[in-house]
There are 2 protein chains.
Amino acid sequence: MNIGQAANASGVSAKMIRYYEATGLIPAASRTDAGYRNYTENDVHVLRFVRRARDLGFSVAEIDGLLQLWRNRRRRSADVKRIALGHIEDLRQRIADMQEMAGTLQQLVMGCSGDDRPDCPILADLEQPSAAAAGEPKRRRGAVDEPGVRKRKTPRR
Amino acid sequence: MNIGQAANASGVSAKMIRYYEATGLIPAASRTDAGYRNYTENDVHVLRFVRRARDLGFSVAEIDGLLQLWRNRRRRSADVKRIALGHIEDLRQRIADMQEMAGTLQQLVMGCSGDDRPDCPILADLEQPSAAAAGEPKRRRGAVDEPGVRKRKTPRR
DNA sequence: CCTTGACCTTCCAACGATGGCAAGGTCCAT
DNA sequence: ATGGACCTTGCCATCGTTGGAAGGTCAAGG
């Protein structure tokens with residue numbers, strides 16, 4: 001089976017199949033004399049596994065762990081469950097963050113006349129976050145502190 | 001005010017301030033003789049606006065639009081509202097997608113013993129999505145169709 | 001005056017997952 | 001033999017953000 005057929009059969013694009021191979025998520029496919037990648041039904045099975053896991057929002061790194069457990073007949077289901085629970089927790093956190101954003105915006109939007117006049121509580125809040133709309137200071141995903149203000153012995157002029 | 005002080009005062013990292021300047025989101029700051037960027041209280045005000053908008057999940061492109069409206073005293077609040085509503089819709093869609101993922105996973109996790117045994121419905125579902133857990137086929141954010149299967153007049157051997 | 005260290009500058013690379021395009025080789029039916 | 005669908009590799013773009021390197025500046029303290 002060629003890569004295009006494997007792509008059709010698995011729902012993973014040919015591009016991504018090559019990418020997964022290059023990054024080591026899946027083993028390198030065998031090649032024909034002409035250099036074409038060759039796939040078996042089993043390979044497609046693996047690809048479908050990957051596809052499904054992506055659909056469930058697992059990162060490629062997580063899928064790597066899941067694939068190893070999948071292949072390991074002596075795995076402990078606890079390990080699988082841990083990965084899944086961690087991912088659920090991640091999803092819940094992101095959902096909560098986005099719900100808070102949406103809720104705040106909804107509040108602001110409701111106060112906006114949405115006509116030809118310039119006055120708008122949305123812009124007003126962006127300018128000076130109101131206590132009501134600001135909520136607890138949240139950290140965006142992946143955001144990390146700056147190196148921190150290193151102290152100067154005497155204040156800057 | 002130096003960039004570091006503007007960063008501290010606005011909550012936007014110095015790195016990002018330079019980035020926003022380079023991409024044209026904010027105007028280029030004036031410079032000292034030595035080439036240091038110089039910021040005013042008003043610049044910090046703009047940066048806080050940007051920061052707040054990022055916290056609410058607006059993309060940089062959307063913030064660009066919001067900033068222009070903010071600066072325009074003859075803006076129509078309807079334009080602001082439209083951007084906000086579009087963003088809310090986007091958030092809701094993503095929330096729904098993630099909730100579905102989390103729900104499916106929660107189902108699977110509940111069926112997993114999470115002990116030393118290898119049997120695990122989570123892996124089983126990844127292998128062969130069950131109708132119950134599969135749901136309607138959803139499209140991941142940004143996912144786009146492959147070029148499509150171009151038809152071969154006769155089937156491949 | 002010189003050193004130190006905190007700060008600033010620019011430039012380049014990386015992340016994650018995916019798509020797009022280009023230049024070239026292969027396979028197969030007509 | 002020709003055409004066209006397919007394959008190959010490789011590089012670029014996305015998006016927002018961080019990290020680092022190499023080097024210049026500034027102020028305080030010895």
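Each chain gets a letter, A, B and so on, in the order the sequences are listed, and its residues count up from 1. As the structure is a computational prediction, the values presented were derived from the model and not from experiment.
Checked against side-chain hydrogen bond (donor to acceptor under 3.5 Å, both in side chains), A:Asn38 has no partners two or more places apart in sequence or in another chain. Applying the side-chain hydrogen bond (donor to acceptor under 3.5 Å, both in side chains) criterion to A:Gln128, with sequence neighbours excluded, gives no partner residue.
Comparing A:Glu21 and B:Val60 by the nucleotide of DNA chain D that holds the closest heavy atom to each, the one mapping nearer the 5' end is A:Glu21.
When side chains are defined from C-beta on, B:Ile122 does not count as touching A:Ile83, because their heavy atoms never get closer than 4.5 Å.
The aromatic rings of A:Phe49 and A:Trp70 lie parallel to each other, their planes meeting at an angle below 30°, with 60° marking the opposite boundary.
Nearest nucleotide to the side chain of A:Lys15, out of C:dA17, D:dG16, D:dG10: D:dG10.
Of the possible donor and acceptor atoms, one in the side chain of A:His87 sits under 3.5 Å from a partner among the backbone N and O of A:Leu56.
Atoms CG (B:Asp55) and P (D:dG16) sit 14 Å apart, rounded to a whole Å. In this entry the distance linking CG of A:Asp64 with P of C:dG16 reads 12 Å, nearest Å. If you measure from atom OH of B:Tyr19 to atom P of C:dA13, you get 17 Å, rounded to the nearest angstrom. When rounded to the nearest whole Å, the span between CG of A:Asn2 and C1' of C:dG25 equals 13 Å. Computed from coordinates, the B:Met16 CE to C:dC8 P distance equals 17 Å when rounded to whole Å.
Axis orientation changes by 30° from one end of the helix from C:dC1-D:dG30 to C:dT30-D:dA1 to the other, with each end axis drawn from 5 pairs and the value rounded to 10°.
Among residues at least two apart or in separate chains, there is no salt bridge (charged side-chain N to carboxylate O under 4.0 Å, His left out) pair with a member in residues 38-49 of chain A. Within the structure, every pair that satisfies the side chain to side chain donor-acceptor pair (under 3.5 Å) test and touches residues 21-37 of chain A, not counting sequence neighbours, is listed here: A:Glu21-A:Arg37.
Of the residues in residues 25-41 of chain A, those with a non-hydrogen atom less than 4.0 angstrom from any atom of DNA chain D are A:Arg31, A:Gly35, A:Tyr36, A:Arg37.
The shortest distance between the side-chain N/O atoms of B:Ser13 and the OP1/OP2 oxygens of D:dT18 is below 4.0 Å. Regarding contacts with the backbone of D:dG16, every side-chain N or O of B:Tyr20 stays at 4.0 angstrom or more from both OP1 and OP2. Put simply, B:Arg18 has no side-chain N or O that comes within less than 4.0 Å of OP1 or OP2 on D:dT17.
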